[in-house]
Structures are given as C-alpha cells and as structure tokens.
Number of protein chains: 2
Amino acid sequence: MARWQPHASERLVAAALELFEEQGYEKTTVIEIAERAGLTKSTFFRHFRDKREVLFGRGTVAGLLADGIGAAPAGAGPLDAVAHALDVIGEQVFTPDRREFGARRSAVIAANPELREREALKELGLTAAMTDALKRRGFADLTARVAAELGALACTVAYERWRHAADRDDFGDVARRTLREVQAASASC
Amino acid sequence: MARWQPHASERLVAAALELFEEQGYEKTTVIEIAERAGLTKSTFFRHFRDKREVLFGRGTVAGLLADGIGAAPAGAGPLDAVAHALDVIGEQVFTPDRREFGARRSAVIAANPELREREALKELGLTAAMTDALKRRGFADLTARVAAELGALACTVAYERWRHAADRDDFGDVARRTLREVQAASASC
C-alpha cells in the first residue's frame, strides 16, 4: 500500500513504520525499508541520515514552530505567539489524517530505548527553536525560555490528548485549550 | 592523580574526563579509562553500563530531586517543594568543590553528539522524577508537570550561572534566585 503514495519521503516513513511494527526496530534494515517502499537504499540516504532518523522528519516541526512564532501578530505576548505556532502545526503537521499514524509511531518509539533517546533530543530541539524565535521577537532570554518550555509541554500534552480524543477535535483546538490550562497551572505554582 | 582517590566510581569518572579531554570521547576505550583509574574493566562495568554512561552518574540527581520534593514541609506549594529539592542538590551534588568539574564535564558533553543525546534523555528523566514526586504530594497531573518543567529549567539555568559565577555563591542560593525569576517570567507570559 505504501508503495503507491506519491512522495519518496512519505513512502519511506510508512514502510519503516510497517516493518518496525511487524518485526521490531532492531531487526529492520535500511535496505528492507527501501525495498518495502519500492525505492533504493541511496534514495533512503538522500532523505534520512540513518534508520533512527526515519521517524523524526528533518526538522520540519521545529522550523514550522519558529516560523509560526515569527508570523504571530505584532504585540502578541510570548504565549500568544506560541499559540499561533501550535495552530500552524495543527494545519500543516498534525492534520486529522495523521492521527492514526501518530498513535502507531508513538507505540514504536515507546518500545525502543534508542528511539526514545532520539525523540528526547528532538524535543530539546523544538524548545530551542521556539526560544530563539521568541528572542527574535524581542522577549528577554528567560521569558523566551520559560514560554518555550510551557509551549513545548502544551504541545506534548495536546498531542497525547489529540491522539486519544474521542471527539476528533482538530489539533489546533486541543492545543489552544491545553495551552490555557498550562498557563493557569503555572500561575498557581 | 585520579589513581589515589578513595572511591572506584569517582576515580573512573575523573579518569574518563581526563581522557576525553586529552584525546576525545570517540578515541577513548573503557579499558583505557579503567587503566588510568588503576582499576579493571570489570570494575568499570560494575559501576557503569557503557562508556557513554560514565559522565551521567546512576540516577543520583533524579533520586535526590524526588526525595527532596517528598521531604519538603507540609503545605509547601509545588515550586516551594521544587526549591527544597534544589537545596538538596546544592548540598549533595553541586557542592563548591564540583564547580570546576562541572565546567569540564559540560565542555566534553557539548563537543560530542552522542553525549548530548544521552544528556537530553537524562534531563527528561529529571523532569519525570520531579513530576512523579509532585503527584505523590497530591498535586494535579498538569500542575505537577508544569512545576517540574519550570523546576528543570531553573535547575539548568542555575547550573549555567553557578558554573560561571564570579561570586562563588552556593548552588542552592543561585537556584532559589533563578527559580524566583522563572516564576516571575512565567507569570508575565
């Protein structure tokens, strides 16, 4: 099925996820992933640095978060700018058709320490990207770091809720509600 | 010099840090670390799972943070409990004689992607340990997660400041000041 999707990168990700589910991350080789996707090993390496990278994109989310913060309306507070960025993620990454993929991807990552480690590093990258984008908007260093941490937490919690939500809400809606709750919780700390 | 320190674990850490500085993390083997410490390879593996683990202790900081939160006075708010835990870290881990070691360790980690990755995972572990300890004190899930993130950020920023501080303040004092600043910044987000 993965074979007929239009883009090489997406086909490789879908093939990798299938194989990791079927036979485990450890036992799967890059060659098998490429074959399942109907592509060659060299195509794989044009898209991903290694097997571990295939579930983590190429910095897309970090870039979109930074762009989203940069594109927030003038005068937006730090968490308003973060909310704007989370809307962008809902429109361009965590779209409704990705909900099932997200659940499968999370299950594979949770089962493997190497993948959990890579994910931890990627999460730090998201926070760093948001911090830099907030500083470019003129917020003080510590304000930017705090808003980025709260934003990253809201994003993580919203993603958990969105994947499991019975009500099929859009990610952007779930994320805005979650961000307000995070803000209220931080005020009560 | 490392050879004559009293504890095997500390001797191994000191030897590893020296070798990583002298010839790089990649080129250093576990056997070389053990030899420099005047110990055997099997002693190394009784203390650390692998070469990467040698700069990251064995969950001590996470355990101390959790214990410190648990031992905070009854009625402490979430960030008061975190402040209490940071005091414990200042008394038992980031003691004045560790300041120079901390700076050297950070430089070695910054120079190697594998070590940065392990550190990212350890940091997530610290946040998770604080979150669990705060939930055991009865705080709601999201409140506990927010307080743990703010506490982890305060800990990171305080560690950076403490390592570079000209005034030689104790870690606990730096951490309490930083935590108040983080709290003020989150209120202004």
Side-chain angles (χ1 to χ4, degrees), chain A residues 49-50 52-53 56 76-83 109 112-128 130-131 134 137 139-158 160-161 177-189, chain B residues 49-50 52-53 56 76-83 109 112-128 130-131 134 137 139-158 160-161 177-189:
Chain A
R49 192 176 53 189
D50 55 30
R52 239 187 348 172
E53 201 62 18
F56 295 100
L79 285 183
D80 297 330
V82 168
I109 291 172
N112 185 281
E114 263 189 62
L115 293 175
R116 287 205 303 275
E117 199 152 316
R118 179 66 57 103
E119 186 172 58
L121 202 66
K122 287 280 167 176
E123 282 179 19
L124 281 195
L126 298 188
T127 308
M130 285 196 278
T131 301
L134 287 162
R137 286 189 74 96
F139 296 115
D141 180 74
L142 200 61
T143 303
R145 288 176 80 162
V146 167
E149 291 289 349
L150 295 177
L153 177 61
C155 190
T156 302
V157 173
E160 291 164 13
R161 291 174 172 178
R177 275 203 303 276
T178 306
L179 191 59
R180 279 194 297 273
E181 285 178 47
V182 164
Q183 201 165 6
S186 81
S188 77
C189 277
Chain B
R49 194 176 51 189
D50 55 31
R52 236 183 359 167
E53 201 63 17
F56 296 102
L79 285 184
D80 297 330
V82 168
I109 291 172
N112 185 281
E114 264 190 62
L115 293 175
R116 286 204 304 274
E117 200 151 318
R118 180 67 57 102
E119 187 171 59
L121 202 66
K122 289 278 168 177
E123 282 179 19
L124 282 195
L126 299 188
T127 308
M130 285 196 278
T131 302
L134 288 162
R137 286 189 74 97
F139 295 115
D141 181 73
L142 199 62
T143 303
R145 289 176 79 162
V146 167
E149 292 289 351
L150 295 177
L153 177 62
C155 191
T156 303
V157 173
E160 292 163 12
R161 291 174 173 180
R177 273 202 306 274
T178 307
L179 191 59
R180 279 196 297 273
E181 285 178 48
V182 164
Q183 200 165 7
S186 82
S188 76
C189 278

(message) Let's test your reading of the structure: which of B/Thr143, B/Asp80, B/Val82 forms the most heavy-atom pairs below 4.5 Å with chain A?
(response) B/Thr143

(request) Pick one of side chain, backbone, both or neither for B/Glu119, based on which atoms fall under 4.5 Å of a heavy atom in chain A. (result) neither

(message) Shorter than 4.5 Å, heavy atoms on both sides: which option in A/Val157, A/Thr178, A/Thr127 has the most such pairs with chain B?
(response) A/Val157

(message) Are B/Leu124 and A/Arg116 packed together at the side-chain level, in the sense that at least one heavy-atom pair is separated by less than 4.5 angstrom?
(response) no

(request) Indicate yes or no: at least one non-hydrogen side-chain atom of B/Leu150 is less than 4.5 angstrom from one of A/Leu150. (result) yes

(request) Enter the distance from A/Arg118:CZ to B/Leu121:CG here, rounded to the nearest 0.5 Å. (result) 12.5 Å

(request) Using heavy atoms and a sub-4.5 Å threshold, report which of residues 182-189 of chain B line up against chain A, by residue number. (result) B/Val182, B/Gln183, B/Ala185, B/Ser186, B/Ser188, B/Cys189

(request) Heavy atoms only: give me the nearest A/Leu153-B/Glu149 pair and the separation to one decimal. (result) CD2-CG, 3.9 Å

(message) At a 4.5 Å cut-off on heavy atoms, which part of A/Leu79 comes close to chain B: side chain, backbone, both, or neither?
(response) both

(message) Are the side chains of B/Thr156 and A/Arg145 in contact, using a 4.5 Å heavy-atom criterion?
(response) yes

